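What follows is a short report on a single structure.
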There are 2 protein chains.
Amino acid sequence: MTDKASVDIKREDFKFINDALVDVFDRILRIEESELRKSQFKDVTINELHLVHAITLHEHKTTTAVANELHLSKGSLTSSVNTLVRRGYVMRIRNQQDRRVINLGLTSKGRLLYRAHDAFHSQLVKSFLNGMDEDDLPLVKKAFVNLRNFLDEAARD
Amino acid sequence: MTDKASVDIKREDFKFINDALVDVFDRILRIEESELRKSQFKDVTINELHLVHAITLHEHKTTTAVANELHLSKGSLTSSVNTLVRRGYVMRIRNQQDRRVINLGLTSKGRLLYRAHDAFHSQLVKSFLNGMDEDDLPLVKKAFVNLRNFLDEAARD
DNA sequence: ATAAAATAGTTTGAAATTCAAACTAAATTA
DNA sequence: TAATTTAGTTTGAATTTCAAACTATTTTAT
């Protein structure tokens, strides 16, 4: 029995969207990786790039906050932060209000990397919306809202 | 200067789509992982699940073909295939035409896992298209075609 | 026909990533 | 002010991954 609350999707359309989702995710990661290899940031892995992204330009989050965000243990985070500090992308900033806390920040080299990554994502989104006009946007946004609601549901149970 | 060939996206819309893409990808993986943990397939990791998916129900691909598809070395593949054979999800089938070749197949338990994973993806796509009608579909498909064209470009250079 | 080269997959040993648990230093609570 | 809690690091083990060496088989060249 099919779900009444949703469109009756043709089998081929289902396959199209599903394959596109899977393929796109996979390839974004791979392209990010290979762009890195060709860039001035060869000493950074894709996971380290995402750590730089999670640290953000100016928020100075705590180590624990970033670990939770990336679903990594604190130990793992310490170890990858060590690498990025050694390579000059990340700074540890001892918090003076609470001296147990380390806030994480990006160096200017780290911010450069952050912005390069951001630029790639801008292009990605731009291409996604290429040839659409204002009126089309709500529909695309709706699709993502749907998907995120579904993921909220799925994560709940 | 902005790119003339694309829509002039509002900053907030850009952020919406970008965050949605990043968030959705991240959460799909995490939910797949936690669904596995709660299912009868607790002994399978998310990477092993994707290996089962790559093997497919009935194609009997070669080891090398699957390794290339997943961008893994042959050695890595041998090792994860070993695990999945040991746990009863995957079979090695010696090719009688060319006895150097091993074709990979799923056991009935492997096919069960494959189908469970497929069902999750069906729900995902269904939710994505929830509330849309036939006329809306071309636009959503177009967005993905755009994105894949962009990724083709990006992978080329 | 047979020797040499190529190919498919496995084994090996090393590097990287990850985690949980023990640990240190600092802050909070009793 | 002693006990507890919290933030982050260290430690040791498990897992994943790779490249290179290896084995078995097939293809190519002589």
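Owing to the predicted nature of the structure, the values given are computational and were not obtained by experimental measurement. Throughout, protein chains are lettered first and strands after them, A, B, ... in sequence-line order, and every chain is numbered starting at 1.
Summary for the helix from dA1(C)-dT30(D) to dA30(C)-dT1(D): the axes at its two ends, each from 5 pairs, differ by 10° when rounded to the nearest 10 degrees.
Rounded to whole angstrom, the span from the CD1 atom of I93(A) across to the C1' atom of dG8(D) amounts to 15 Å. The nearest whole Å value for the distance from the CG atom in N47(B) to the P atom in dC18(D) is 11 Å. Separating the CG atom of N68(A) from the P atom of dT18(C) is a distance of 15 Å, rounded to the nearest angstrom. Whole-Å rounding puts the I102(B) CD1 to dA24(D) P distance at 13 Å. Counting to the nearest Å, the C1' atom of dC18(D) and the CD atom of E33(A) are 14 Å from each other. If you take CD1 of I46(B) and P of dT16(D), they are 13 Å apart, rounded to a whole angstrom.
Summarising the local packing, NZ of K15(B) is surrounded by 12 or fewer heavy atoms from other residues, nucleotides or ligands at distances under 6.0 Å.
The distance from the CD1 atom of I102(A) to the CD1 atom of I93(A) is 9.5 Å, given to the nearest 0.5 Å. Distance check, rounded to the nearest 0.5 Å: OH of Y114(B) to CZ of R111(B) gives 12.0 Å.
Applying the side-chain hydrogen bond (donor to acceptor under 3.5 Å, both in side chains) rule to N146(B) yields no partners; only residues at least two apart in sequence or on another chain are considered.
Each of E48(A) and T64(B) was matched to the nucleotide of DNA chain C holding its nearest heavy atom; the match closer to the 5' end belongs to T64(B).
At a threshold of 4.5 Å between non-hydrogen side-chain atoms, the residues L129(B) and F14(A) do not count as touching. At least one side-chain heavy atom of H50(B) sits less than 4.5 Å from a side-chain heavy atom of L29(B). Here the side chains of K142(B) and D136(A) are not in contact, with every heavy-atom distance at 4.5 Å or above.
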Fill in: Sequence-aligned protein contact record of nucleotides 25-30 of chain C, with B where the base is within under 4.0 Å of a protein heavy atom and S where only the sugar-phosphate is
-BS---
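Residue pairs that meet the ring pair (Phe, Tyr, Trp, His ring centres under 6.0 Å) test with at least one member in residues 138-157 of chain B, sequence neighbours left out, are F128(A)-F144(B), F128(B)-F144(B).
Among all heavy-atom pairs drawn from E48(A) and T83(A), the shortest one is OE2-CG2, 3.6 Å. Across all their heavy atoms, L124(A) and L147(B) have their closest contact at O-CD1, 3.6 Å. Heavy-atom minimum distance, L139(B) versus M132(A): O-CE, 3.9 Å. Across every non-hydrogen atom of L51(B) and L84(B), the tightest pair is CD2-CD1, 3.6 Å.
Distances shorter than 4.0 Å separate some side-chain N or O of T63(B) from OP1 or OP2 on dG9(C). For N103(A), no side-chain nitrogen or oxygen approaches OP1 or OP2 of dA7(D) to under 4.0 Å. Contact check, T45(B) against dT15(D): no side-chain N or O comes under 4.0 Å of OP1 or OP2.
Of the residues in residues 69-81 of chain B, H71(B), L72(B), S73(B), S76(B), S79(B) come within less than 4.0 Å of DNA chain D through at least one heavy atom, sorted by number. Contacts of residues 82-92 of chain B with DNA chain D (heavy atom under 4.0 Å): none.
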Practice prompt. May I have the step-by-step check of side-chain contact (heavy atoms from CB on, under 4.5 Å) for I46(A) and E35(A), ending in yes or no?
Written response: CA-CA 10 Å; I46(A) 191 73; E35(A) 298 268 321; over 6 Å; no
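Counting only distance, with no hydrogens or angles, the side chain of S80(B) and the backbone of S76(B) share a donor-acceptor pair below 3.5 Å.
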